[in-house]
Amino acid sequence: MTSPTLPGAPYFSRRDGQLFVEEMALSALAAQHGTPLFVYSKAAMLGALAPYQRAFAGRDAQVHYAMKANSSLGVLQVFAQAGCGFDIVSGGELRRVLAAGAPASKVIFSGVGKTRDEMRFALQEGIACFNVESEAELDVLSEVALSCGKVAPVSIRINPNVDPQTHPYISTGLKGNKFGIAHDETLSCYLHAASLPGLQVVGIDFHIGSQITSTGPYLDALDKMLDLVQAIEAAGVPIHHLDFGGGLGIDYNGDTPPAADALWALLLARLDARGFGARRLMIEPGRSLVGNAGVCLSEVLYLKPGEQKNFCIIDAAMNDLPRPAMYQAFHQILPLALRTAASTVYDVVGPVCESGDWIGRDRALAVQAGDHVAVMSAGAYCMSMASNYNTRGRAAEVLVDGDQAHIIRERETAQDQMRAERLL
Ligand code: LLP
């Protein structure tokens, strides 16, 4: 039997039966900090960024980390120090970028529902670009910019209507999605933007979906975008930058997405062939930079054999790891220390009072109560989507760099959760 690859290898590895992150045993981190505990590898994050940087060497290009994937300050700091800008979707995310010590000038602001307050704040801080998603938003942004004596740099997000061949909840570039401006309306929208006094058109963007594991959808979307750029420029509106969004998938369980540099070799060849290779290029990767750089450690609380199912009840739940409940997503679940005992097939579930609170179904595990497991590939869209359901405090987070572990978030207490609440 071939065992599936270890997500996050080589930064995560098995040594003498023990799971390691870089130079540290995960069991030591669980013992020291308690569980549930998110553990990230700094080298894995920089290792995921490197193929993008290699692909763009010598180009006028900027990586904007889509921080919705993991917006913890320590994570942002790693990417800021590596030269990344950020793709944000709220005023709160902009405050996080600033708190992490990164400049607003490398921030782009996506999202279909920016409020006037968020626009004003972003304009005052001087972000690089607003990725506008509707005609109505153009009007409001122009008005807000004028009212604060600014000109808002804008890119319009087009919906190229290509199928990214991913989960319907995370495909965003199809006609039925709420995102972007319909392909057919692009030209009129750009002419409208160019006519508004508070706006300066600077770019064009698309983002077709997430966890994309093939190159075809990107190439199709790229061609559609370049056709549009030619039409828009022919109508007299210059486009300075091209932004291709994010979306590149990771290996959760034998998935085989293209490597970032391989994907970009293809896209850059197409850009060069069509005469756009010298344009300013932007991308907004999220998951592919952090997904396999993190795991969630959890303790086995109880084993509960049943007639139809055996349950392995762990101390992490859907509030910590919402992806299985929300998208039927698969995360590998691995014991931190291997046992020689025969394995049993379990549904791995959390303590939350919902049948939907499952982390993995039908998993063969050799574990006992008190053992620890790692939920793999948990660096993206886990902590950033965590909630306090059942008044569960959000987990602590540790960032490992070699043989050093830095706490980047303390475990949330019930007191923290009740801080803003008042009795009658
Ligand atoms: N840019 C825009 C405009 C986006 O909407 C997104 C993600 C990204 C970039 C980054 O995409 P990535 O490189 O991470 O695929 N919670 C879901 C994923 C939602 C993605 C939303 N947009 C999940 O856990 O699978």
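FYI, side chains are in, hydrogens and waters are out, and symmetry mates aren't considered; it's all heavy atoms of this structure. Each ligand, and each atom within it, is numbered from 1 in the order the structure gives.
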If you measure only the distance, is there a donor-acceptor pair under 3.5 Å linking the side chains of [X] and [Y]?
X: His331; Y: Asn253; result: no
X: Arg287; Y: Tyr252; result: yes
X: Gln328; Y: Arg323; result: no

Check your understanding: Any N or O on Ser110 sitting closer than 3.5 Å to an N or O of ligand 1?
Key -> no
Point to revise | Tyr327-ligand 1 polar pair, N/O distance under 3.5 Å | key: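 Yes, there is a polar N/O contact under 3.5 Å.
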Check your understanding: Asn70 and Tyr381: side-chain contact (heavy atoms from CB on, under 4.5 Å), yes or no, with the steps?
Key -> CA-CA 6 Å; Asn70 187 319; Tyr381 303 113; over 6 Å; no
**Study point:** Test: Asp87 and Lys106 ion pair at under 4.0 Å
**Key:** no
Review point. Within less than 4.0 angstrom of ligand 1, does Met385 place any heavy atom?
Key: yes
**Study point:** Any Pro285 heavy atom less than 4.0 Å to ligand 1
**Key:** yes
At a 4.0 Å threshold, what atoms of ligand 1 neighbour a non-hydrogen atom of [X]?
X: Arg287; result: 12 (P), 13 (O), 14 (O), 18 (C), 23 (C), 25 (O)
X: Asp87; result: 1 (N), 2 (C), 9 (C)
X: Arg157; result: 3 (C)
X: Ala66; result: 8 (C), 9 (C), 10 (C)
X: Gly246; result: 9 (C), 13 (O)
X: Gly247; result: 11 (O), 12 (P), 13 (O), 15 (O)

Residue part near ligand 1, for [X], under 4.0 Å between non-hydrogen atoms:
X: Phe179; value: neither
X: Met326; value: neither
X: Glu284; value: both

Review point. Can Asp251 and Thr256 be said to form a side chain to side chain donor-acceptor pair (under 3.5 Å), step by step?
Key: CA-CA 6 Å; Asp251 176 13; Thr256 52; over 6 Å; no
Point to revise | Arg361 to Tyr346 six-membered ring, cation-pi geometry met (6.0 Å, 45°) | key: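 No; the conditions do not both hold, so Arg361 does not lie above the ring face of Tyr346.
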